[in-house]
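The structure appears below as structure tokens.
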Amino acid sequence: MKKLIIAFLAMSLGSFSIASAERGVNIGVSGQMGVFVADGSETRADSGSLERSNTTTLVGYGSVFIEKTLGSKLTIGFDYVPQSLTTDTAESTRQTDVSTTGINSVKADFEDLSTAYVAFNVTENTYIKAGMVTVDVITKESLATGSDYGNTSLDGEMYGVGYNHDFSNGLFLRAEANVIMMDGTTLTSTTNSDNVIKLDHLNGASGKISIGKSF
């Protein structure tokens, strides 16, 4: 449902930018750095074991955005990250049966990170914002148990606060602090339906610098 809402908002904003007579459209680019924390577990049927893991990753990425201002206080917008975000490869040694050990290698790509948001001007230069986030997760694992987990998508929420400075030529510069809270998900192995990975949460905090132009 969130993907449908985000897609609808993106198409609506696109129509605003195409109409040359339409005013109150902002477009721009952003650079962002932050830290994400993931907490999850894997349940194995062969041993009945439950292994938990907690991973912290530092990320940096760019995005493009388009917005439509509604009056002097409210703005709706869409932000899209065009590149894939790749986690570091995590490796661990695990006991696959009584006499055998193996190496687990796990990494993931995050693609099409998209945010539909609403911003509200608190003062002339400061604002608060909230939005819906969606991202596709491409899993790349090599597990000693032979389990293979498919791809998935995650939905979540974003909240932020920022400072905006307008220049006389229509350009603007912004600085933001954001938090992202993604919902968890459960993946079942395609090779053994009794093996399950559960992601409890994926949360992050970041600083963001944006530059753009108003039309």
Side-chain angles (χ1 to χ4, degrees), residues 1-10 13 30-43 50-67 76-90 92 104-120 127-141 143 147-162 174 176-190 195-210:
M1 178 59 70
K2 287 184 179 180
K3 281 193 173 184
L4 292 176
I5 295 174
I6 289 175
F8 175 77
L9 180 55
L13 288 168
S30 302
Q32 193 162 185
M33 288 198 68
V35 60
F36 282 82
V37 178
D39 183 61
S41 62
E42 181 185 15
T43 303
L50 174 65
E51 180 176 319
R52 299 201 62 84
S53 63
N54 184 279
T55 303
T56 300
T57 303
L58 181 67
V59 296
Y61 54 93
S63 64
V64 295
F65 65 89
I66 181 171
E67 299 174 339
I76 59 173
F78 178 76
D79 184 277
Y80 178 72
V81 178
Q83 75 262 37
S84 175
L85 308 178
T86 302
T87 66
D88 295 332
T89 300
S92 62
N104 286 343
S105 175
V106 179
K107 67 183 298 185
D109 288 345
F110 294 87
E111 298 181 353
D112 295 328
L113 176 59
S114 305
T115 306
Y117 58 88
V118 176
F120 180 79
Y127 59 90
I128 56 176
K129 64 191 298 186
M132 297 176 296
V133 184
T134 183
V135 64
D136 293 328
V137 183
I138 313 301
T139 60
K140 297 180 177 180
E141 69 278 337
L143 303 179
S147 293
D148 185 18
Y149 295 94
N151 303 325
T152 188
S153 60
L154 299 176
D155 295 324
E157 301 170 352
M158 179 277 297
Y159 302 95
V161 59
R174 295 176 185 167
E176 285 181 17
N178 296 312
V179 294
I180 297 176
M181 296 176 289
M182 305 299 294
D183 299 334
T185 189
T186 299
L187 295 176
T188 301
S189 171
T190 58
N195 289 357
V196 174
I197 284 181
K198 181 179 180 182
L199 175 65
D200 294 323
H201 68 259
L202 174 63
N203 297 334
S206 66
K208 184 177 186 179
I209 299 295
S210 303

Considering only NZ, NE, NH1 and NH2 on the basic side and carboxylate oxygens on the acidic side, decide whether Asp79 and Lys129 come within less than 4.0 Å. no
State which residues pass side-chain contact (heavy atoms from CB on, under 4.5 Å) with Ser206; sequence neighbours excluded, sorted by chain then number. Gln32, Asn178
So Ser30 and Glu176, do their side chains get closer than 4.5 Å, heavy atoms only? no
Can you sort out the partners of Glu111 under side-chain hydrogen bond (donor to acceptor under 3.5 Å, both in side chains), two or more places apart, ordered by chain and number? none
Hey, could you give me the OH/CE distance between Tyr61 and Met33, rounded to the nearest 0.5 Å? 10.5 Å
The residue among Val81, Asp136, Val135 that forms side chain to side chain contact (heavy atoms under 4.5 Å, CB included) with Asp112 is Asp136
Min side-chain heavy-atom separation Phe110-Val59 under 4.5 Å: no
Can you list the residues that meet the side-chain hydrogen bond (donor to acceptor under 3.5 Å, both in side chains) rule with Asn203, with sequence neighbours excluded? none
Pairwise side-chain contact, Phe36 with Ile180, heavy-atom cut-off 4.5 Å (strictly under): yes
Take Ile76 and Tyr117 through the test side chain to side chain contact (heavy atoms under 4.5 Å, CB included) and record every step on the way to the result. CA-CA 6 Å; Ile76 59 173; Tyr117 58 88; over 6 Å; no
How long is the gap from CE on Met132 to OG1 on Thr115, to the nearest 0.5 Å? 10.0 Å
